[in-house]
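Before any comments, here is the structure.
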Amino acid sequence: TLINVEPFLTLIENRDDLALQLKEKYSLKDIFVVRGDADHNSLVKEELVRLMAGELTANLLNGTIVSVAGGSTMALVSKFLKPKHDNLLFIPARGGLGEDVALQANSIVSRLAEATSGEHRMLYAPDSISKASLELLKEEPMVREIIDLNKRSSLVIHGIGDALQMASRRNVTPDVISKLENDNAVGEVFGFYFDADGNVVHKVDTIGLQLADLKNKDSIFAVAGGDGKKEAVKAYLKLAPENTILFIDEVIAEHLLG
Ligand code: BG6
């Protein structure tokens, strides 16, 4: 029997034509577009992450420090990395954001280190403690180290989320939800919530990478797929620095061009 693999191959093919049009419109370091809609086919998300892992590998050197955000997209990255460099160090970009443990940056960095025979550090900083305790925590040597490493890292990898979806996944309080609704938050990256114009309207009080740090990095690898994230990605591009490498699917790419 002949198995028709064609639909499969078409599905994961890259859309270089869309990427080219987007590069004319947005000044980013690079843009990759995968065919399809990640909300309807999980292979699309895998393909986005596989592509990103390939580009990330090409940018790694011995001893590179990588700041890593959480989420289900980042949780797939370790699947596609191999031990090709020495002394890689993966660090959580920020402290607890209220995610399930498997989706927390702490878990993801440990898997990335295992996949690459590299190292990782954990950041034990819960997201719902008082400002005073947070300030005290920042003085702890182990926490200080992560803060410093996030300043020194040359690469960042992160996902992009829809604001209200992320807030409800993280079980934030009803007053935060109303604040996000009132301020028209549409997107979220590592604890920063922003509106359609790219203004930050809310930020989770935790430790680590700040949006202002991004412009000092060599490259930022941002990955998002699925129709439900199209407004979030469009808004994020208003605040993403030019050293961003964007990995999106066709459904988001078309929205960005529209
Ligand atoms: C994370 C970011 O990397 O990905 C979040 O820290 C973002 O801020 C999230 O919203 C998206 O999550 P997911 O599960 O859709 O990959």
Side-chain angles (χ1 to χ4, degrees), residues 52-53 56 59-78 81 83 85-161 166 169-170 172 188-193 200 202-223 239-241 243-244:
M52 185 274 243
L56 176 67
N59 281 269
L60 291 171
L61 301 168
N62 292 341
T64 299
I65 305 171
V66 188
S67 296
V68 179
S72 61
T73 313
M74 289 304 106
L76 294 171
V77 180
S78 60
L81 288 186
H85 301 87
D86 294 331
N87 304 320
L88 296 177
L89 177 57
F90 297 92
I91 52 164
R94 302 199 73 200
L97 297 172
E99 296 269 26
D100 271 356
V101 85
L103 303 186
Q104 283 175 16
N106 271 343
S107 313
I108 296 173
V109 291
S110 88
R111 291 208 299 277
L112 290 170
E114 199 182 318
T116 56
S117 303
E119 278 189 51
H120 72 283
R121 298 279 187 283
M122 297 283 204
L123 173 54
Y124 298 105
D127 59 320
S128 47
I129 53 172
S130 68
K131 269 209 163 33
S133 311
L134 202 66
E135 289 310 313
L136 274 179
L137 210 56
K138 285 185 193 166
E139 300 310 317
E140 286 296 321
M142 274 174 71
V143 173
R144 259 267 57 96
E145 187 195 10
I146 304 289
I147 296 174
D148 293 345
L149 286 169
N150 268 307
K151 297 262 179 244
R152 284 168 41 205
S153 62
S154 56
L155 305 179
V156 177
I157 62 174
H158 72 86
I160 304 167
M166 291 308 294
R169 184 165 104 189
R170 290 167 175 166
V172 305
E188 188 272 356
V189 290
F190 45 90
F192 294 87
Y193 290 83
V200 174
H202 175 68
K203 127 180 196 197
V204 181
D205 234 342
T206 187
I207 293 164
L209 194 73
Q210 303 297 314
L211 281 173
D213 296 327
L214 293 180
K215 61 179 187 314
N216 305 322
K217 306 299 176 193
D218 290 346
S219 297
I220 299 136
F221 298 77
V223 193
L239 58 95
N243 45 352
T244 300

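Under the 3.5 Å distance criterion, the side-chain polar atoms of Arg94 are matched with a main-chain donor or acceptor of Thr206. With hydrogens and angles disregarded, a donor-acceptor distance shorter than 3.5 Å links the side chain of Ser107 to the backbone of Val101.
Looking only at side-chain heavy atoms (C-beta outward), Met166 and Glu99 come within less than 4.5 Å of each other. In this structure, Ile91 and Val66 have side chains that are not in contact, with every pair of non-hydrogen atoms separated by 4.5 Å or more. Counting only heavy atoms from C-beta outward, the side chains of Tyr193 and Val204 approach each other to under 4.5 Å. Within the 4.5 Å cutoff, the side chain of Lys138 has heavy atoms near those of the Ile147 side chain. Annotation: side chain of Met74 is not in contact with side chain of Arg111 (no heavy-atom distance under 4.5 Å). No side-chain heavy atom of His120 sits under 4.5 Å from any side-chain heavy atom of Val68. Counting heavy atoms from C-beta on, the side chains of Val156 and Phe221 never come closer than 4.5 Å. Here the side chains of Val200 and Leu211 are in contact, with some heavy-atom distance below 4.5 Å.
For Glu145, the CD atom is densely surrounded, since the number of other residues' heavy atoms within 6.0 Å is greater than 12. The number of heavy-atom neighbours closer than 6.0 Å to CG of Asn59, taken from other residues, nucleotides and ligands shown, is above 12.
The two atoms that bring Ser153 and Ile65 nearest to each other are CB-O, 3.4 Å, heavy atoms only. Ala222 and Thr244 make their closest contact through CB-CG2, 4.1 Å (heavy atoms, listed as atom of the first residue, atom of the second, distance). When every heavy atom of Asn106 is checked against every heavy atom of Arg121, the shortest pair comes out as OD1-O, 4.4 Å. Across Ala75 and Leu103, no two heavy atoms sit closer than the pair CB-CD2, 4.3 Å. Among all heavy-atom pairs drawn from Ile146 and Met122, the shortest one is CD1-O, 3.6 Å. Closest of all the heavy-atom pairs between Leu214 and Pro241 is CB-CG, 3.7 Å.
With rounding to the nearest 0.5 angstrom, the CG atom of Leu123 is 12.0 Å from the CD atom of Glu140. From Leu112, atom CG reaches atom CD1 of Ile157 across 5.5 Å, with rounding to the nearest 0.5 Å. The CD1 atom of Ile207 sits 4.5 Å away from the CG atom of Leu134 when rounded to the nearest 0.5 Å. A distance of 7.0 Å separates CG in Asn87 from CD in Glu119, rounded to the nearest 0.5 Å. Separation of atoms CG (Leu76) and CD1 (Ile108) is listed at 9.0 Å; rounding is to 0.5 Å. Atom CD1 of Ile220 is separated from atom NZ of Lys215 by 10.0 Å, given to the nearest 0.5 angstrom.
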From CA spacing to verdict: side chain to side chain donor-acceptor pair (under 3.5 Å), Ser133, Ser130: CA-CA 5 Å; Ser133 311; Ser130 68; 2.8 Å; yes
Residues Phe90, Thr116; criterion side chain to side chain contact (heavy atoms under 4.5 Å, CB included); working and verdict: CA-CA 10 Å; Phe90 297 92; Thr116 56; 3.3 Å; yes
Trace of the side chain to side chain contact (heavy atoms under 4.5 Å, CB included) decision for Leu155 with Thr64: CA-CA 8 Å; Leu155 305 179; Thr64 299; 3.8 Å; yes
Pair Ser154-Lys217, side chain to side chain donor-acceptor pair (under 3.5 Å): steps then yes or no: CA-CA 5 Å; Ser154 56; Lys217 306 299 176 193; over 6 Å; no
Worked check of side chain to side chain donor-acceptor pair (under 3.5 Å) between Ser67 and Asn150: CA-CA 6 Å; Ser67 296; Asn150 268 307; 2.6 Å; yes
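Residues that satisfy the side chain to side chain donor-acceptor pair (under 3.5 Å) test with Asp213, not counting sequence neighbours, are Lys151.
The existence of a salt bridge linking Glu188 and Arg169 is excluded, since no basic side-chain nitrogen approaches an acidic carboxylate oxygen closer than 4.0 Å. Looking at Asp148 and Arg144, a side-chain N of the basic residue comes within less than 4.0 Å of a carboxylate O on the acidic one, giving a salt bridge.
Aromatic ring centroids of Phe190 and His158 lie under 6.0 Å apart.
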